[in-house]
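Below, each value reflects all heavy atoms present in this structure, side chains not excepted, and no hydrogens, waters or symmetry copies. This one's a predicted model, so the numbers in the text were calculated from it and none came from an experiment.
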Amino acid sequence: MITKIKHKIKNLRYKYKRKKALKQDTLDFFDNYKNYFSQKEFLKIYESHLHIFKERFLYRIHELIPNFGNKKYTVEFLLGQILRENVEEKDCKKFFEYNAYAFLFCYEKKWKEIKDYINNKRKIDLFSDSLFQTKFEHIKKLMIDALEVIQYLEVFYGHNPEQEILINRKISGTDIFWYTNLMSNGIVDTSNDTYYSNLAYLIRDSLEIRIKNALGIIDIKNNEETCKITSDIFTTFLCTNSNIQLPSSINKSLLEKIFIWTNYHIHLGIRLYNWDFLLILEYISPLFEGGKNNNQISIYGSISMKKNYYQLTLSSDLVHYLTSLGKTVTNVILSKSPECMLI
């Protein structure tokens with residue numbers, strides 16, 4: 001008898017939690033969908049929950065900024081507004097408003113990615129599919145950050161926040177160490193906030209190596225001694241040199257802001273908003289594409305350089321450039337085959 005009562009109570013609790021997850025317009029559904037719904041049920045209702053969150057977000061924003069959403073901003077413009085070293089109090093409203101736009105852009109893009117992935121993978125078990133789980137984890141992180149942004153906006157507009165979101169944005173050395181230990185054993189936990197700190201490092205590393213290798217730099221010498229110079233110092237040189245052509249969408253000031261942004265993550269252990277990663281990756285992706293010129297095709301062709309300039313002048317120009325920045329350099333040794341297209 002007692003066993004039957006316990007089973008009945010357990011069943012009632014399950015039904016209550018399932019009903020709550022079904023009706024809740026917060027993150028409950030996204031946290032509990034695997035526990036309370038079959039894949040067939042999930043496919044029928046997941047988009048309605050994504051829609052509910054978006055509509056609720058817009059409702060709260062429109063109470064503060066009635067014309068929010070009337071403007072369309074490019075990725076370049078949004079990054080220019082949200083990748084800021086310091087935000088003065090008078091600029092806070094606009095700063096968080098632009099972050100709200102950035103959230104919506106990435107939310108809708110990630111939503112489409114999930115929908116397309118589901119449509120192509122309907123015959124597999126989505127609940128055990130690691131890539132699907134990663135995409136869903138990403139959109140959950142976007143939602144959590146969005147709730148914090150709207151809370152800040154409500155405060156700056158003199159409203160009492162509808163809900164209080166407390167997020168620890170500090171990442172300790174111990175957090176990173178143990179996450180690195182997990183990765184060394186083949187475990188990539190995308191629900192862990194340290195995962196995003198690692199992404200910041202990888203973004204910076206990819207840019208530094210891309211710039212250095214595109215310029216063909218093997219070594220930088222002061223007489224016989226190797227100079228330790230990071231590649232971000234070459235951003236101005238790369239972006240303003242008439243002999244070098246970058247993708248037209250890339251500009252110097254934003255590239256510099258991205259380097260500074262990665263420093264916040266890497267050196268200060270501060271986790272910024274998750275849409276920053278998505279927008280940055282979209283913005284810098286043309287640097288890592290191939291390209292062609294006449295009959296020449298190169299996997300590094302998104303960056304091209306005049307062949308005579310590379311062979312005859314680049315090394316001395318780099319020495320002069322570094323010297324003008326206060327570096328003591330006597331020679332820059334170049335590769336015979338830089339990771340760019342010589343034209």
Side-chain angles (χ1 to χ4, degrees), residues 75-87 171 176 196-222 225-273 275-289 300 302-305 309-310 313-335 338-341:
V75 169
E76 180 180 350
F77 177 84
L78 286 174
L79 284 174
Q81 302 306 312
I82 65 180
L83 300 186
R84 300 175 64 171
E85 293 181 67
N86 297 296
V87 182
I171 297 173
I176 295 171
Y196 295 92
S197 180
N198 280 278
L199 286 185
Y201 171 79
L202 292 173
I203 287 171
R204 182 182 177 94
D205 202 31
S206 67
L207 284 172
E208 287 204 11
I209 293 173
R210 180 69 178 113
I211 289 171
K212 180 179 74 69
N213 290 358
L215 291 170
I217 298 172
I218 295 177
D219 203 359
I220 302 171
K221 294 283 191 181
N222 176 24
E225 186 179 343
T226 294
C227 302
K228 295 180 180 179
I229 297 175
T230 57
S231 298
D232 56 324
I233 201 171
F234 297 111
T235 303
T236 298
F237 182 88
L238 192 72
C239 293
T240 59
N241 193 313
S242 60
N243 297 290
I244 303 171
Q245 187 173 349
L246 298 176
S248 58
S249 60
I250 302 295
N251 76 62
K252 179 181 77 72
S253 62
L254 194 46
L255 210 53
E256 289 171 339
K257 280 188 175 184
I258 291 170
F259 272 115
I260 292 169
W261 173 88
T262 59
N263 284 338
Y264 275 112
H265 277 272
I266 296 167
H267 300 300
L268 298 180
I270 297 173
R271 183 175 67 82
L272 304 181
Y273 293 126
W275 45 80
D276 294 354
F277 296 98
L278 300 176
L279 291 178
I280 286 172
L281 287 171
E282 178 156 331
Y283 180 74
I284 67 174
S285 63
L287 285 171
F288 300 89
E289 295 173 357
Y300 307 118
S302 59
I303 300 176
S304 60
M305 191 184 315
Y309 174 75
Y310 181 78
T313 313
L314 177 60
S315 180
S316 59
D317 275 4
L318 285 170
V319 171
H320 177 74
Y321 173 73
L322 291 170
T323 303
S324 72
L325 296 176
K327 306 294 182 182
T328 305
V329 174
T330 57
N331 188 23
V332 176
I333 301 171
L334 301 179
S335 167
E339 292 183 2
C340 69
M341 187 160 56

Under a 3.5 Å cutoff, is there a donor and acceptor pairing between the side chains of [X] and [Y]?
X	Y	answer
S231	R204	no
Y300	N213	no
N222	T330	no

Contact summary for P286 and S302, nearest pair of heavy atoms: O-CB, 3.0 Å
Criterion side-chain contact (heavy atoms from CB on, under 4.5 Å) on I217 and I333, from CA distance to verdict: CA-CA 6 Å; I217 298 172; I333 301 171; over 6 Å; no
Results of side-chain contact (heavy atoms from CB on, under 4.5 Å) for E76 - residues two or more places apart only: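 Testing E76 for side-chain contact (heavy atoms from CB on, under 4.5 Å), a comparison that skips the adjacent residues, returns T74, N251, L254, Y283.
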Does the distance from a Lys or Arg side-chain N to an Asp or Glu carboxylate O, for E225 and K221, drop under 4.0 Å?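 K221 and E225: not salt-bridged.
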Look at K212 together with E208 and state whether they make a salt bridge at an N to O cut-off of under 4.0 Å.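 No, K212 and E208 are not salt-bridged.
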Residues at least two apart in sequence or cross-chain that pass ring pair (Phe, Tyr, Trp, His ring centres under 6.0 Å) with Y321, listed by chain then number, are F237
Could you go step by step and tell me if V332 and I218 meet the side-chain contact (heavy atoms from CB on, under 4.5 Å) rule? CA-CA 8 Å; V332 176; I218 295 177; over 6 Å; no
Euclidean distance, [Y] [atom2] relative to [X] [atom1], rounded to 0.5 Å:
X	Y	atom1	atom2	answer
I171	I176	CD1	CD1	6.0 Å
C340	Y310	SG	OH	7.0 Å
N243	T313	CG	OG1	7.5 Å
F277	I203	CZ	CD1	6.0 Å
I233	L322	CD1	CG	5.5 Å
I250	I284	CD1	CD1	8.0 Å

Any non-hydrogen side-chain atom of [X] less than 4.5 Å from a side-chain atom of [Y]?
X	Y	answer
L255	C239	yes
L268	N263	no
I303	E289	no
M305	N241	no
L78	W275	no
E256	W261	no
N331	I220	no
I244	L215	yes

Q245 atom CD: more than 12 heavy-atom contacts under 6.0 Å: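 Not buried by this count: 12 neighbours or fewer within 6.0 Å.
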Around atom OH of Y201, are there more than 12 heavy atoms of other residues, nucleotides or ligands at under 6.0 Å?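 Count not over threshold, so no.
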Are the side chain of [X] and the backbone N or O of [Y] linked by a donor-acceptor pair below 3.5 Å?
X	Y	answer
R210	L287	yes
H265	I270	yes
S335	G216	no

Between F288 and S206, does a side-chain contact (heavy atoms from CB on, under 4.5 Å) hold up when you go through it step by step? CA-CA 9 Å; F288 300 89; S206 67; 3.9 Å; yes
